[in-house]
Amino acid sequence: MKLDVNALRYLAKDDFRVLTAVEMGMRNHEIVPAELVDRIAGLKHGGTYKVLRNLLKNKLVHHDATKYDGYRLTYLGYDFLAIKTLVNRGVFASVGRQIGVGKESDIFEVATEDGTVLAMKLHRLGRTSFRAVKSKRDYLRHRRSFNWLYLSRLAALKEFAFMKALGDHGFPVPTAVDCNRHCVIMSLVQGYPLVQVKELQNPDDVFDTILGLIVRLAEHGLIHCDFNEFNIMIDDDEKITVIDFPQMVSVSHRNAQMFFDRDIECIYKFFNKRFNLKSEKDEEQDGSESDGEGSSRPSFLSVKKAAGSLDKELAASGFTRKEQVEMEKYIEEDAEGQGSSSDDDDEEVGDAVPIDSLKIDQDRSEEPDCNLASRNSGGPVTFSEEVSHLSIRMNKHGTSCSGENRLQSPPSGSNGDAKVLSQEDDNDDDSSDDADDEEDAELTKKLNKERKKAIAAAHGRRRPVSSRNTYKDKGKGTMNSKIQRQACKW
């Protein structure tokens with residue numbers, strides 16, 4: 001939408017009050033009801049509806065009566081709110097011509113009271129040319145629903161933060177002045193977009209400078225993700241200035257290497273096409289390519305991250321606070337583990353296990369385990385398989401796991417001990433036959449029941465679940481009972 005600030009001088013205090021009321025109502029309403037706007041604005045004698053008609057005439061709000069009588073802000077009304085706030089702060093005093101149009105923003109000239117010319121960037125997400133914001137930007141993060149005005153505000157805040165931090169670290173970027181809603185005020189760059197430049201005095205130096213900026217950004221933990229000839233400004237002295245920062249991500253992003261290589265490839269293609277800077281060797285050596293100057297092509301894996309990481313300070317996309325806390329915990333645990341490793345080794349050497357405990361453990365380990373077959377198997381065993389294993393063992397041996405016949409085959413080297421043990425077992429068997437028979441009968445009954453349940457569950461035979469309203473459908477002639485009987489047959 002074209003920005004016409006002529007109507008701004010004719011708007012009164014009540015007009016901005018109603019505009020602010022609509023903006024506040026849009027926090028949890030897509031279309032703000034007129035009654036809610038009236039309550040938030042708090043104008044006397046029904047003045048809200050008169051003001052809304054005036055705002056609707058100037059296209060500052062949009063009226064929608066499909067479901068109920070309501071209003072929503074337009075981009076022009078959002079522009080007026082941001083401009084009015086910045087003018088009240090004294091950031092600028094007048095708005096000039098439009099100097100740039102992008103797929104997600106418009107750029108205008110503004111001037112201060114002393115005549116200094118600045119640049120005003122108005123983010124306008126939601127245009128037809130660029131609506132895939134949810135998949136190409138991470139402004140939403142965990143949110144599912146969104147509003148284009150709110151997304152534009154998030155993009156402006158993100159760009160202002162990146163511009164301010166990069167300027168403080170000495171990068172050639174415009175000077176960030178102020179920000180309000182979806183509007184960013186910055187210094188005006190005296191230059192031209194690189195795409196409009198046809199000739200350069202030193203194209204090799206400009207090429208090396210641009211590649212150096214990409215590598216330097218990566219060393220500080222950031223990747224531009226849209227580093228091309230449209231976002232590079234160059235002046236008459238061939239000095240470079242980088243613009244457009246909302247889409248920047250961290251080097252910890254999962255697609256960081258792809259974004260880095262894409263930025264490098266865009267610069268190589270442009271200078272090859274426009275200034276005929278061709279590489280002498282196209283062969284790749286150890287992940288890098290050589291350009292026309294004989295220097296190696298920048299590689300993401302060869303970039304060394306500097307101590308001051310801007311992605312941590314700005315919480316860039318791909319590096320969250322949660323990941324930072326986890327990384328710090330991991331570093332602390334690793335340091336503690338290395339410090340205590342020597343102490344653990346000394347303790348292991350000094351602590352000696354007594355011989356009596358070793359003998360007790362050996363005696364316990366020789367006792368057979370009468371648990372289910374799943375303990376001896378390597379993988380998980382189902383309940384039906386356990387039941388089948390138990391039944392097979394009972395049919396073979398005729399005794400339960402709780403019986404006294406634990407020593408079935410004595411070792412060959414202990415014949416005398418085996419005879420004594422066999423005599424003792426014969427005496428014990430005579431006294432415990434009755435108890436074993438009772439236990440065997442109870443165990444077989446339980447096993448048969450569990451086997452039937454397991455087989456029924458395996459074949460999927462389940463009882464038909466009756467509805468909660470069966471007491472209403474007891475009559476044989478009703479339609480519900482017929483449908484229910486037919487469903488049970490199916």
Side-chain angles (χ1 to χ4, degrees), residues 82 85-86 89-92 100 105 107 110 112 114 116-123 137-139 152-191 193-194 206 208-228 231-235 237-253 256 259-260 263 298 300 303-321 323-325 327-328:
T85 304
L86 293 172
R89 290 180 187 175
V91 179
F92 60 89
S105 62
I107 303 173
V110 293
T112 60
D114 57 355
T116 305
V117 180
L118 302 175
M120 178 179 66
K121 184 174 183 180
L122 298 173
H123 289 261
R137 300 283 190 270
D138 66 334
Y139 305 145
S152 300
R153 179 178 181 176
L154 292 179
L157 291 174
K158 198 169 185 179
E159 181 169 19
F160 181 79
F162 280 121
M163 197 186 307
K164 191 77 173 176
L166 292 175
D168 295 341
H169 284 75
F171 283 89
V173 297
T175 304
V177 178
D178 202 349
C179 176
N180 181 261
R181 293 180 174 87
H182 68 311
C183 178
V184 180
I185 306 298
M186 66 190 81
S187 62
L188 183 65
V189 179
Q190 301 295 331
L194 187 60
V206 175
D208 295 338
T209 303
I210 293 173
L211 292 182
L213 283 176
I214 299 176
V215 175
R216 188 180 167 195
L217 279 173
E219 289 176 352
H220 283 76
L222 294 174
I223 298 176
H224 192 278
C225 296
D226 198 13
F227 207 94
N228 50 38
N231 294 327
I232 298 175
M233 305 289 292
I234 187 169
D235 59 2
D237 298 333
E238 296 186 353
K239 291 183 179 180
I240 300 298
T241 305
V242 184
I243 59 174
D244 195 11
F245 309 102
Q247 69 284 340
M248 295 185 74
V249 300
S250 168
V251 292
S252 303
H253 196 275
F259 291 141
F260 182 85
D263 290 346
F300 179 76
V303 174
K304 296 181 180 180
K305 197 172 180 180
S309 299
L310 294 177
D311 55 347
K312 296 181 183 179
E313 299 176 7
L314 302 173
S317 174
F319 192 93
T320 59
R321 295 180 181 178
E323 292 178 355
Q324 182 177 359
V325 172
M327 186 178 68
E328 290 176 356

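What you see below is based on every heavy atom in this structure, not just the backbone, and it leaves out hydrogens, waters and symmetry mates.
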Exercise for review: Take L118 and L188, measure what side-chain contact (heavy atoms from CB on, under 4.5 Å) needs, and give me the verdict at the end.
Suggested key: CA-CA 5 Å; L118 302 175; L188 183 65; 5.8 Å; no
Review point. Which heavy-atom pair separates L86 from I185 by the least distance, and what is that distance?
Key: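 Smallest heavy-atom distance, with atoms named: CD1-CG1, 3.8 Å.
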Exercise for review: Kindly give the heavy-atom pair with the smallest separation between V215 and P298, and that separation in Å.
Suggested key: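 Between these two residues, the closest heavy atoms are CG2-CB, 3.7 Å.
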Review point. Distance from F162 atom CZ to L310 atom CG, nearest 0.5 Å?
Key: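 Between F162 CZ and L310 CG, I get 9.0 Å after rounding to 0.5 Å.
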Check your understanding: What is the distance from atom OG of S105 to atom CE of M120, rounded to the nearest 0.5 Å?
Key ->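 With rounding to 0.5 Å, OG (S105) is 11.5 Å from CE (M120).
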Check your understanding: Are any side-chain N or O atoms of N231 and backbone N or O atoms of I243, one a donor and one an acceptor, separated by less than 3.5 Å?
Key ->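 Not at all, since once roles are kept as given, no pair shorter than 3.5 Å links the two residues.
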**Study point:** H182 (side chain) donor-acceptor with A155 (main chain) under 3.5 angstrom
**Key:**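 Side chain of H182 to backbone of A155: no pair is present.
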Practice item. Begin from the C-alpha positions of E238 and T209 and carry the test side-chain contact (heavy atoms from CB on, under 4.5 Å) through to its verdict. Key: CA-CA 10 Å; E238 296 186 353; T209 303; over 6 Å; no
Practice item. Please name the residue in the list E159, R181, K158 that meets the side chain to side chain donor-acceptor pair (under 3.5 Å) test with H123. Key: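 For H123, the side chain to side chain donor-acceptor pair (under 3.5 Å) test succeeds with only one of E159, R181, K158, which is E159.
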With a 4.5 Å cut-off on side-chain heavy atoms, are [Y] and [X] touching?
X: V303; Y: V251; value: no
X: K121; Y: D244; value: yes
X: L194; Y: I210; value: yes
X: M233; Y: P174; value: no

Review point. Which class fits the ring pair F245 and H224: parallel under 30°, tilted 30 to 60°, perpendicular over 60°?
Key: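 Perpendicular: the ring planes of F245 and H224 meet at over 60°.
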Exercise for review: May I have the step-by-step check of side-chain contact (heavy atoms from CB on, under 4.5 Å) for F171 and V242, ending in yes or no?
Suggested key: CA-CA 8 Å; F171 283 89; V242 184; over 6 Å; no
